[in-house]
Undergrad: 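Shown below is the structure under consideration.
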Amino acid sequence: MARATASSPRPEAGQGAAPRHVAIIMDGNGRWAKKRLLPRVAGHRQGVEAARRIVRAAGDLGIEALTLYAFSSENWRRPQEEVSDLMGLLRLFILSDIDEFANAGVRLRVIGDYKALAPDLVSLIDGAMERTAGNRAMTLAIALNYGAQFEMVRAVRAIADRVQTGEIAPAAIDEQMIDTHLDTQDLPPLDLLIRTSGEKRLSNFLLWQAAYAELHFVDTLWPDFDKQCLVDALAHFGQRERRFGGL
Ligand code: FPP
């Protein structure tokens, strides 16, 4: 049987089942700061605290994979100061939390075109991924310089290369093959996608992988998102009947 990858339907994940793979669009840091008359970076700092809290909570709740949208390929359009604040926070997050991940059995993965980031950040990420590669308790995937459309473009280019060399025929290209050329190739199927702060958009996040995922939109701003919010999202997921196009 074909191996289940990030976009495959998972019929066994029906009513009452726990999601294996949860992804979150962490939105609302700026508004959280604005409400308190604080600079935007203060919202991002609290956003990192929330991310830390949710990684621990996801581990406690037995989630196999958690994917966090930390920096989109569109986020470069923000003021340069904010981009550099975000990069600094990411650096700090990896540096300060890598020991905890390593000890807690968390495997760190980065999805997106992260090789285009600053060279020191790229080596930090590569080192952290290498160090935790054998961990099995949970996978934390951080989406960095990520855009779903460009992820698909990269997958198509890789497949086209294989066609060009004669390794595969065009007719051999199917959903499964596309799945295995995406950045999420080694993650379980995406079950639940959460977006905070009241916006109801996917913003170029996991577009292929979300084909059968349940979508959960909450008004809570990301810095206020806590373990109970995650528990509520999982409960909501457990109540839904997933039919994957069947009856
Ligand atoms: C959205 O809030 C958030 C981001 C663009 C960045 C997300 C980054 C973090 C939470 C910190 C880093 C994460 C990790 C995993 C270390 P926004 O600024 O768009 O908020 P707004 O819509 O209210 O302005």
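All residue numbers in this chain count up from 1 along the given sequence. Everything numeric in this text was worked out from a predicted model, so none of it was measured.
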Undergrad: Compare every heavy atom of Asn135 with every heavy atom of Ala102, then report the nearest pair and how far apart it is.
TA: O-ND2, 3.5 Å
Undergrad: Applying a strict under-4.5 Å side-chain criterion to I, L, V, M, F, W and Y, I'd like to know whether Leu144 and Trp76 cluster together.
TA: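 Linked within one cluster.
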Undergrad: Considering all heavy atoms of both residues, which atom of Gly147 and which atom of Ser73 are nearest to each other, and what is their separation?
TA: CA-OG, 3.4 Å
Undergrad: Heavy-atom distance under 4.5 Å between the side chains of Leu206 and Tyr146, does that happen here?
TA: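 The answer is yes, as the side chains (C-beta and beyond) meet within the 4.5 Å cut-off.
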Undergrad: Does Ile173 reach the side chain of Val163, with side-chain heavy atoms less than 4.5 Å apart?
TA: yes
Undergrad: Could you name each residue pair satisfying salt bridge (Lys or Arg N to Asp or Glu O under 4.0 Å) that touches residues 149-158, not counting sequence neighbours?
TA: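 Non-adjacent pairs meeting salt bridge (Lys or Arg N to Asp or Glu O under 4.0 Å): Arg154-Asp183.
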Undergrad: Is a side-chain donor or acceptor of Asn145 paired with a backbone partner of Tyr114 at a separation under 3.5 angstrom?
TA: no
Undergrad: What pairs of residues pass the salt bridge (Lys or Arg N to Asp or Glu O under 4.0 Å) test when at least one of them lies in residues 224-237, not counting sequence neighbours?
TA: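 Passing the test, one end in residues 224-237: Asp60-Lys227.
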Undergrad: Output all residues satisfying side chain to side chain contact (heavy atoms under 4.5 Å, CB included) with Leu92, sequence neighbours left out; order by chain, then residue number.
TA: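 Per chain and number, Leu92 pairs via side chain to side chain contact (heavy atoms under 4.5 Å, CB included) with no residue.
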Undergrad: Side-chain contact test, heavy atoms from C-beta onward, threshold under 4.5 Å: evaluate it for Ile125 versus Lys115 and give yes or no.
TA: no
Undergrad: Quick check for you: to the nearest 0.5 Å, what is the distance between Tyr212 atom OH and Asp191 atom CG?
TA: 13.5 Å
Undergrad: Side-chain heavy atoms nearer than 4.5 Å, only ILVMFWY residues, links allowed to pass through others: does that put Val231 and Ile54 together?
TA: yes
Undergrad: With side-chain contact (heavy atoms from CB on, under 4.5 Å) as the test, would you mind laying out the steps for Leu90 and Leu117 before giving the verdict?
TA: CA-CA 11 Å; Leu90 275 161; Leu117 300 177; 6.0 Å; no
Undergrad: Let me see the working for Ile94 and Phe101 under side-chain contact (heavy atoms from CB on, under 4.5 Å), right down to the final yes or no.
TA: CA-CA 9 Å; Ile94 297 174; Phe101 296 154; over 6 Å; no
Undergrad: Hey, could you give me the CD1/CE distance between Ile168 and Met177, rounded to the nearest 0.5 Å?
TA: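 Answer for the CD1-CE pair, Ile168 versus Met177, is 4.0 Å.
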Undergrad: Can you tell me how far the CD atom of Glu214 sits from the CG atom of Leu193, to the nearest 0.5 Å?
TA: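 Here the rounded value is 11.0 Å.
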Undergrad: Using 0.5 Å steps for rounding, measure from the OG1 atom of Thr139 to the CD atom of Glu64.
TA: 8.0 Å
Undergrad: Tell me the closest heavy-atom pair linking Trp32 and Ala42, and the distance in Å.
TA: CZ3-O, 4.1 Å
Undergrad: Go through the structure and list residues passing side chain to side chain contact (heavy atoms under 4.5 Å, CB included) with Ser72, not counting sequence neighbours.
TA: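 Only Tyr69, Glu74, Asn75 meet the side chain to side chain contact (heavy atoms under 4.5 Å, CB included) criterion with Ser72.
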Undergrad: Of all heavy-atom pairs between Met138 and Ile63, which one has the smallest distance, and what is that distance?
TA: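 That closest heavy-atom pairing would be CG-O, 3.3 Å.
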Undergrad: Report the residues that fulfil side chain to side chain contact (heavy atoms under 4.5 Å, CB included) with Ala33, sequence neighbours left out, ordered by chain and then residue number.
TA: Leu38
Undergrad: In terms of hydrophobic clustering (I, L, V, M, F, W, Y; side-chain heavy atoms under 4.5 Å; direct or indirect links), are Ile25 and Leu221 co-clustered?
TA: no
Undergrad: Search all heavy atoms of Met87 against all heavy atoms of Leu121 and return the closest pair with its distance.
TA: SD-CD2, 3.7 Å
Undergrad: For Leu234 and Pro19, which heavy atoms make the closest approach, and how far apart are they?
TA: CD2-CG, 3.5 Å
Undergrad: Determine whether more than 12 heavy atoms belonging to other residues, nucleotides or ligands lie under 6.0 Å from atom CD of Glu81.
TA: no
Undergrad: Any chance you could pull the hydrophobic cluster mates of Val156, using side-chain heavy atoms under 4.5 angstrom and chaining through other members?
TA: none
Undergrad: Can you sort out the partners of Trp222 under ring pair (Phe, Tyr, Trp, His ring centres under 6.0 Å), two or more places apart, ordered by chain and number?
TA: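 Testing Trp222 for ring pair (Phe, Tyr, Trp, His ring centres under 6.0 Å), a comparison that skips the adjacent residues, returns Phe225.
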Undergrad: I need the Leu66 CG to Leu187 CG distance, nearest 0.5 Å.
TA: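 One gets 10.5 Å once the value is rounded to the nearest 0.5 Å.
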Undergrad: For a side-chain contact (heavy atoms from CB on, under 4.5 Å) check, start with the C-alpha distance between Leu215 and Lys200, then their side-chain angles and the critical distance, and finish with the verdict.
TA: CA-CA 9 Å; Leu215 307 180; Lys200 294 181 178 66; over 6 Å; no
Undergrad: Could you see if Leu95 belongs to whatever hydrophobic cluster contains Leu140? Use Ile, Leu, Val, Met, Phe, Trp, Tyr and a side-chain cutoff under 4.5 Å.
TA: yes
Undergrad: For the atom pair CZ (Phe237) and CG (Leu230), what is the distance rounded to the nearest 0.5 Å?
TA: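 Output value for this atom pair is 12.5 Å.
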Undergrad: Provide the full list of salt bridge (Lys or Arg N to Asp or Glu O under 4.0 Å) pairs with a residue in residues 84-95, sequence neighbours left out, each pair given once.
TA: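 Pairs touching residues 84-95 that pass the test: Arg91-Asp120.
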Undergrad: Which residues satisfy the ring pair (Phe, Tyr, Trp, His ring centres under 6.0 Å) test with His216, sequence neighbours excluded?
TA: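 If we apply the ring pair (Phe, Tyr, Trp, His ring centres under 6.0 Å) test to His216, skipping adjacent residues, the hits are His236.
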Undergrad: Run the numbers on Trp208 and Thr184 for side-chain contact (heavy atoms from CB on, under 4.5 Å), then give the verdict.
TA: CA-CA 10 Å; Trp208 174 276; Thr184 48; over 6 Å; no
Undergrad: I'd like to check Leu124 versus Ile98 (side-chain heavy atoms, cut-off strictly below 4.5 Å). Are they in contact?
TA: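 The answer is no, as the side chains (C-beta and beyond) never meet within the 4.5 Å cut-off.
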Undergrad: What pairs of residues pass the salt bridge (Lys or Arg N to Asp or Glu O under 4.0 Å) test when at least one of them lies in residues 35-47, not counting sequence neighbours?
TA: Arg40-Glu82
Undergrad: Has the side chain of His21 got a donor or acceptor atom that lies under 3.5 Å from a matching backbone atom of Pro188?
TA: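 Side chain of His21 to backbone of Pro188, a donor-acceptor pair under 3.5 Å: yes, one is there.
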Undergrad: Do Phe71 and Ile142 come close enough that some side-chain heavy atom pair is under 4.5 Å?
TA: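 Sidechains of Ile142 and Phe71: no contact.
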Undergrad: Mind checking what makes salt bridge (charged side-chain N to carboxylate O under 4.0 Å, His left out) contact with Glu167, not counting sequence neighbours?
TA: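 If we apply the salt bridge (charged side-chain N to carboxylate O under 4.0 Å, His left out) test to Glu167, skipping adjacent residues, the hits are Arg162.
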Undergrad: Could you walk me through whether Arg201 and Asp27 pass the salt bridge (Lys or Arg N to Asp or Glu O under 4.0 Å) check?
TA: CA-CA 11 Å; Arg201 288 188 299 275; Asp27 196 9; 5.1 Å; no
Undergrad: Should we say atom CD of Gln149 is surrounded by more than 12 heavy atoms from elsewhere, each under 6.0 Å from it?
TA: no
Undergrad: Not counting sequence neighbours, which residues clear side chain to side chain contact (heavy atoms under 4.5 Å, CB included) with Arg52? List them please.
TA: Val48, Glu49, Arg56, Phe93, Ser96, Asp97
